[in-house]
Protein chains: 2
Amino acid sequence: MAKTSAQKDEAGEAAGTGRRRESKEKRREQLINATIDSLARRGYASTTLANVSDGARLSRGIVNFHFDSKDNLLIETLQFMSDEYQANWKARYAASDDDTASRLAALVTADLDRAICTPRKVSAWFALMAEAKSRPAYQKLVWERDARYRACLTENCRMAKEEADYTFDPETVTAAIYAMQEGLWLRLALGGREYRRATALKTALEMLGTVFPCHFAPDGMPLLEAHRSKKGRRK
Amino acid sequence: MAKTSAQKDEAGEAAGTGRRRESKEKRREQLINATIDSLARRGYASTTLANVSDGARLSRGIVNFHFDSKDNLLIETLQFMSDEYQANWKARYAASDDDTASRLAALVTADLDRAICTPRKVSAWFALMAEAKSRPAYQKLVWERDARYRACLTENCRMAKEEADYTFDPETVTAAIYAMQEGLWLRLALGGREYRRATALKTALEMLGTVFPCHFAPDGMPLLEAHRSKKGRRK
DNA sequence: ACTTTTATTGAATGGCCATTCAATAAGTGA
DNA sequence: TCACTTATTGAATGGCCATTCAATAAAAGT
């Protein structure tokens with residue numbers, strides 16, 4: 001992507017080179033942010049390059065200089081949001097207690113985290129996602145993002161099942177939880193004032209408690225392994 | 001909308017008039033169907049009036065004659081799908097057994113019914129829904145459709161709670177179930193081959209069984225009132 | 001200071017698309 | 001058959017928008 005000559009790479013980061021490249025990255029991010037703004041405010045169909053460059057307070061030709069085409073700008077915007085999403089849940093997952101209940105809670109709360117679950121970002125995400133069916137490049141990015149998160153979720157559902165002799169099918173439960181998460185996002189994206197992030201989080205945690213009764217207290221707090229009893233299991 | 005003179009209305013349905021008006025309605029539905037096709041295949045942004053008229057095998061100017069504007073065509077398409085959706089679940093709800101478990105099952109299965117839950121229709125629905133945030137007319141239709149269904153769902157969650165002394169909050173449970181349904185739709189809309197309607201239905205029913213353990217057998221079949229026991233309740 | 005590379009601008013271009021409209025066909029009632 | 005209404009066509013219009021590009025500014029290297 002960065003086509004600055006190969007010499008620079010082997011010569012390391014000279015001061016000047018470094019400054020130029022940093023500036024270049026800043027511009028790109030600035031433009032991506034303006035794109036997210038426009039997608040969230042105006043929707044996909046009404047987002048124009050003029051909107052984006054105006055939003056970034058730059059001139060008309062700027063996007064084609066940094067991203068070659070509008071199409072490419074949108075793909076890189078999707079990539080940007082996908083990366084940010086993944087970095088967020090992986091960090092929270094890594095930081096969670098060494099315990100299945102905590103890990104499940106971490107995955108679910110990560111999805112509804114302040115950092116990524118803003119009306120602005122969620123709206124922009126769905127604006128692009130809705131076009132994914134007819135755009136292979138989008139579809140691939142959306143699909144891969146989902147697959148990584150879901151794989152981790154399934155893994156922990158399996159683990160929970162072993163720990164507490166639940167009789168559910170881990171794949172089905174994963175599908176249900178993940179569908180709920182996406183549905184909650186969708187509702188936030190639609191943006192009636194009635195639905196807020198905190199409410200969605202409460203809903204999601206309550207559902208976790210219902211599905212994994214041996215792993216969570218009624219209020220949605222994870223139960224540490226020591227305090228669990230297998231009698232609570234259902235089905 | 002139909003601006004055919006007022007005389008005809010008071011004169012009743014003369015043979016000729018009737019035939020003309022029926023033809024007019026047929027055209028409109030034909031064009032709406034072509035619109036749904038295009039939305040599902042190409043997405044919102046790439047759906048043009050030329051696509052629609054070609055899809056209906058009619059000429060370029062035809063949409064503006066029957067719908068005045070592209071904007072109006074899309075609104076009426078959304079309305080059409082919204083009406084169809086509502087008619088479907090209301091019919092199934094009315095036909096269900098006089099029993100809370102059956103009613104809940106009817107609501108959930110209606111959403112994933114063959115008749116309305118086709119990849120084509122679900123994709124078109126989300127294509128329009130994604131633009132709803134920036135289009136008040138869309139937002140209103142989507143919101144109203146949701147509100148009617150959810151009100152009915154909440155009503156039955158409350159009823160179930162009373163019948164079996166569940167301790168959950170009916171509003172929260174409604175939000176969770178409904179979010180899951182929308183998430184399952186979204187997944188069908190994205191259209192990877194891996195997700196099918198039947199799988200989604202299984203997921204949804206299994207979740208019903210988990211949330212309302214006194215009302216459903218482990219396999220998702222509704223339990224008749226006579227066979228329920230309150231001991232099964234959780235939390 | 002001077003050359004070269006890189007970044008930015010904004011006007012010009014060309015294509016696509018919704019909408020209009022004059023012409024025409026088809027159907028209706030006398 | 002003849003007026004008259006309604007439906008349909010397809011070419012013409014005008015606007016919007018992505019993309020290009022020549023000119024210019026800024027920065028880096030020498």
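Protein chains get the first letters and strands the later ones, always in sequence-line order, with residue 1 at the start of each. None of these values were measured; they are calculated from a predicted model.
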Q: Begin from the C-alpha positions of W125(B) and L39(B) and carry the test side chain to side chain contact (heavy atoms under 4.5 Å, CB included) through to its verdict.
A: CA-CA 8 Å; W125(B) 177 260; L39(B) 287 171; over 6 Å; no
Looking only at heavy atoms, the pair that brings P136(B) and S134(B) closest together is CD-O, 3.7 Å
With the side chain defined as heavy atoms from C-beta on, T48(B) is closest, among dG10(C), dA18(C), dT9(D), to dA18(C)
Between CZ of F65(B) and P of dT9(D) the distance, given in whole Å, is 11 Å
Closest of dT8(C), dT9(D), dT19(D) to the H66(A) side chain is dT8(C)
Distance-only side-chain donor-acceptor flag, T48(A) / N51(A), under 3.5 Å: yes
Here the distance between atom P of dT19(C) and atom CD1 of I62(B), to the nearest Å, is 15 Å
CG of L208(B) to CE of M180(B), rounded to nearest 0.5 Å, is 6.5 Å
Closest to the side chain of L58(B), out of dT9(D), dA18(D), dT19(C), is dT9(D)
Closest of dA18(C), dT19(C), dA18(D) to the S69(B) side chain is dT19(C)
Just the table, please: protein N/O against nucleotides 21-24 of chain D N/O, every pair under 3.5 Å.
none

Check your understanding: Does a donor on one side chain sit under 3.5 Å from an acceptor on the other, for N88(B) and E84(B)?
Key -> no
Separation of dA7(D) atom P from R27(B) atom CZ, nearest Å, is 10 Å
Can a cation-pi geometry be assigned to R187(B) and W185(A), taking NZ or CZ under 6.0 Å from the six-membered ring centre and within 45° of the ring axis? no
Taking dT20(C), dA18(D), dG10(D) as options, the one with an atom nearest any side-chain atom of S59(B) is dG10(D)
